[in-house]
Amino acid sequence: MWHDDILGTIGGTPLVRVNRLAAHLPGTVLAKLEFFNPGGSVKDRIGISMLEDAEERGALAPGGTIIEGTSGNTGVGLALAAIARGYRCIFTTTDKQSPEKIAILRALGAEVIVCPTAVAAEDPRSYYQVARRLAEETPNSVYLNQYDNPANTVAHVQTTGPELWEGTEGRITHLLVGSGTGGTISGSAAYLKERNPDVRIIGVDPYGSVYWKYFHTGEFDEDEIQPYVTEGVGEDILAGNMNFDLVDDYVRVTDRESMLMTRRLAQEEGMFLGGSCGMAMAGALQWMEANRAAIDDDAVLVVIMPDGGYRSLGKVYNDVWMQEHGFLEADEVLTAGAVVGRRSKRSLVSAPADMTLDDAIASMREHAISQLPVMEGGEVVGSLIEQDILRFLMGDPDARGRLVRDLMGPPFPVVDASSPVHEFAPGLRGEQPAVLVRREDGTFAILTRSDLIAALGA
C-alpha cells in the first residue's frame with residue numbers, strides 16, 4: 001500500500017504510556033505523540049483542512065498564494081499541503097521562534113517574514129497584522145487565519161478526537177492539552193464530549209498568556225500579557241477557535257517548569273519533544289496532583305504532545321541557552337570540565353615550538369585534528385590551525401621545513417575546568433576555533449567548536 005502524496009500520512013499518531021513521571025499517580029497517563037505526523041507536529045492536521053476549505057469556498061484559485069501567521073508548526077503543515085496542491089506560501093512569524101523552525105519553512109519553499117514579538121496584536125508590525133496586509137496586497141492570495149478559521153477546529157473534530165476515543169477504546173476520562181489557536185483543545189473536546197459528556201478537558205497555559213485568567217474570571221486582562229519563551233501555546237488575544245465552554249479547568253505553568261519537564265520527558269521517558277510538550281506535561285502533572293482524590297485507578301488521562309524536539313535543539317536542549325534564561329539551578333551550570341568529560345578521554349595533542357611544520361602536519365594527520373596548541377616549558381605559547389597552514393604552504397612551498405615557532409599564531413585562550421561554559425561559548429560560536437581547559441592536576445584538554453556543538457546542541 002502507498003499514499004498518493006505526503007498528505008496521506010497525516011494522523012494516526014500513537015498513544016504511549018507515561019511511566020516514570022506518572023508512577024506516583026493513580027490512573028493511566030498516556031502521551032499522544034504528534035511528532036509522528038510527516039511535518040513533525042499536530043499542525044499538519046489543520047494545514048490540509050484549512051487549505052481544502054479555502055478551495056471549496058473559492059477563496060483560493062490554482063497557482064495562488066497561502067498567507068499565514070505562524071509560530072512555525074502550522075506553517076510546516078501548510079507548506080506540505082501547498083507543495084502537494086501547487087500553491088505558494090508566505091508566512092509571518094515572531095522573533096522568539098527557534099531558528100530551526102524558520103529554516104524548515106524556508107527549506108519547504110516558503111517565504112518567511114520575521115516580526116517582533118513584543119508588540120501588541122493590533123500593532124501594524126505584529127505578525128498578525130503583517131499577514132493581513134500581505135493578503136490585501138498579494139493577488140490571488142488567501143489569509144487562512146488559523147486563530148479564527150473554523151476549519152482548524154473541524155480538523156480535530158474529524159481526526160484527533162476520534163483517534164483519542166478509538167485509541168483508548170472509549171476509556172479516556174481526561175484530556176489535558178495546551179492551547180494557542182484553540183483548535184486542538186476545542187475540536188478534540190467537542191468530539192469527546194459528544195461521545196461521553198463526562199470526559200474532563202483540562203487546558204494548560206503559560207504564564208504571560210491571557211487564557212488562564214479569562215477562563216477563571218471571564219476577564220480579558222491586558223496586564224496578564226507578558227513575554228514568555230515557550231513556543232506555540234498561549235495567546236495575547238482570544239482566538240475565535242478557543243471554545244471555553246468545552247473546557248472544565250485550566251492550569252498554568254512557568255517557562256522554567258516547561259523547559260525542565262521537556263528535558264525530563266526525554267531523559268526519563270525517551271520522548272524527544274518540544275517545549276510546549278513539557279508545558280503540557282508539567283501542567284497535567286500539576287493538575288493531577290491537585291485533583292488526586294478525583295482520579296481512580298481506572299482513569300485514562302491523555303496529554304497531547306504537539307511536536308518533536310529537533311526544532312528545539314538550540315534552545316531547551318542547549319545548556320548555554322538554558323543558563324542564559326535562568327532555567328538551570330546554580331549547581332547545574334555546565335562547566336568546561338564537564339563538557340570535556342563528555343567526550344572520549346583522549347590526551348591533548350600538542351606541538352613543541354622547535355618542531356618543524358612538516359612534523360606538525362604529520363601529527364595532525366595522525367590524530368585527525370585541525371588545530372594544534374604549541375607548548376614550550378609546559379606553557380601554551382601559540383597555535384597552529386589548518387587554514388593558516390594551508391595559507392603558509394600556498395605562499396611558500398618550502399614552509400614545511402620551517403620551525404613551528406616561526407609560523408605559529410596566538411595561543412588559544414586558557415580556561416579553568418570550573419569555568420561556566422556560557423562565559424566562553426560565545427567565542428567558540430564565532431571565529432575562535434578552540435579553548436584549552438586547565439584541569440585541577442595542571443594538565444590541559446582542548447575544547448573545540450565542534451566539541452561544544454556536540455555537547456550542547458548549540
Side-chain angles (χ1 to χ4, degrees), residues 3-13 32-56 59-60 64-94 97-98 100-113 127-128 131 141-161 163 177-188 231-233 239 241 273-274 276-277 304-312:
H3 300 284
D4 290 335
D5 56 44
I6 195 66
L7 304 182
T9 65
I10 295 172
T13 56
K32 186 157 179 64
L33 302 178
E34 289 294 292
F35 73 85
F36 277 85
N37 284 306
S41 88
V42 67
K43 297 294 188 175
D44 288 1
R45 298 176 184 269
I46 72 171
I48 185 59
S49 177
M50 294 194 301
L51 189 150
E52 289 181 341
D53 175 72
E55 290 175 331
E56 291 170 4
L60 189 61
T65 300
I66 297 168
I67 297 175
E68 184 60 283
T70 174
S71 61
N73 288 337
T74 297
V76 172
L78 284 171
L80 294 180
I83 290 168
R85 300 293 176 86
Y87 297 107
R88 175 185 174 221
C89 289
I90 302 176
F91 299 129
T92 62
T93 191
T94 67
Q97 308 310 326
S98 69
E100 292 88 351
K101 288 184 177 180
I102 295 171
I104 291 168
L105 294 176
R106 288 176 173 152
L108 293 171
E111 179 182 346
V112 183
I113 298 170
Y127 80 117
Y128 308 106
S141 68
V142 60
Y143 171 44
L144 291 176
N145 185 11
Q146 60 180 315
Y147 302 93
D148 303 319
N149 190 330
N152 178 348
T153 297
V154 168
H156 297 288
V157 173
Q158 294 178 342
T159 66
T160 314
E163 288 177 26
V177 54
S179 53
T181 68
T184 303
I185 191 170
S186 300
S188 301
E231 299 177 18
V233 288
N241 279 302
L273 305 169
S276 62
C277 303
I304 293 184
M305 303 298 193
D307 61 8
Y310 288 103
R311 296 169 195 174
S312 300

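In what follows, every heavy atom counts, from backbone to side chain, and hydrogens, waters and symmetry copies are set aside.
- The nearest pair of heavy atoms linking P38 to T9 is CG-OG1, 3.1 Å.
- Side-chain contact check for N241 and S186: no donor-acceptor pair (N or O, by modelled atom type) lies under 3.5 Å.
- Checked against side-chain hydrogen bond (donor to acceptor under 3.5 Å, both in side chains), R45 has the following partners two or more places apart in sequence or in another chain: T13, E34, T159, T160, E163.
- A search for side-chain contact (heavy atoms from CB on, under 4.5 Å) contacts involving E55 returns L51, E52, R85, Y87, not counting sequence neighbours.
- In terms of modelled atom types and a separation under 3.5 Å, the side chain of T92 and the main chain of Y127 share a donor-acceptor contact.
- With sequence neighbours excluded, no residue forms a side-chain hydrogen bond (donor to acceptor under 3.5 Å, both in side chains) with D44.
- With values rounded to the nearest 0.5 angstrom, L7 atom CG is found 5.0 Å from I10 atom CD1.
- Side chain of R106 to main chain of V112: a donor-acceptor pair is present (N/O by atom type, distance under 3.5 Å, no hydrogens or angles).
- Here the straight-line distance linking atom CG of D148 with atom OG1 of T153 works out to 10.0 Å at 0.5 Å rounding.
- With values rounded to the nearest 0.5 angstrom, I83 atom CD1 is found 10.5 Å from D5 atom CG.
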M50 and E68: side chain to side chain contact (heavy atoms under 4.5 Å, CB included), yes or no, with the steps? CA-CA 11 Å; M50 294 194 301; E68 184 60 283; 3.8 Å; yes

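- Considering every non-hydrogen atom in both G47 and L78, the closest pair reads O-CD2, 3.5 Å.
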Could you walk me through whether N73 and V42 satisfy the side chain to side chain contact (heavy atoms under 4.5 Å, CB included) test, starting with their C-alpha distance in whole Å, then the side-chain angles of each, then the deciding distance to 0.1 Å, before giving a yes or no? CA-CA 8 Å; N73 288 337; V42 67; over 6 Å; no

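- For the residue pair H156/S188, the side-chain donor-acceptor check at 3.5 Å is not satisfied.
- To the nearest 0.5 Å, the span separating CG on D53 from CG on L60 amounts to 10.5 Å.
- The main-chain N or O of A151 is found under 3.5 Å from a side-chain atom of S49 such that the two form a donor-acceptor pair.
- A side-chain donor-acceptor contact under 3.5 Å links T93 to the backbone of T70.
- Here the closest heavy-atom approach between residue Y143 and residue A131 is recorded as CE1-CB, 3.7 Å.
- Considering CG of L144 and CD1 of I66, their distance stands at 6.0 Å, rounded to 0.5 Å.
- Interatomic distance, CG of L105 versus OG1 of T74, reported as 10.0 Å (0.5 Å rounding).
- Closest non-hydrogen pair, D307 versus S41, comes out as CB-CB, 3.7 Å.
- Looking only at atom types and distance, the side chain of T181 has no donor-acceptor partner in the side chain of Q146 under 3.5 Å away.
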For E231 and K101, what are the C-alpha separation, side-chain angles and deciding distance, and is it a salt bridge (charged side-chain N to carboxylate O under 4.0 Å, His left out)? CA-CA 11 Å; E231 299 177 18; K101 288 184 177 180; 2.9 Å; yes

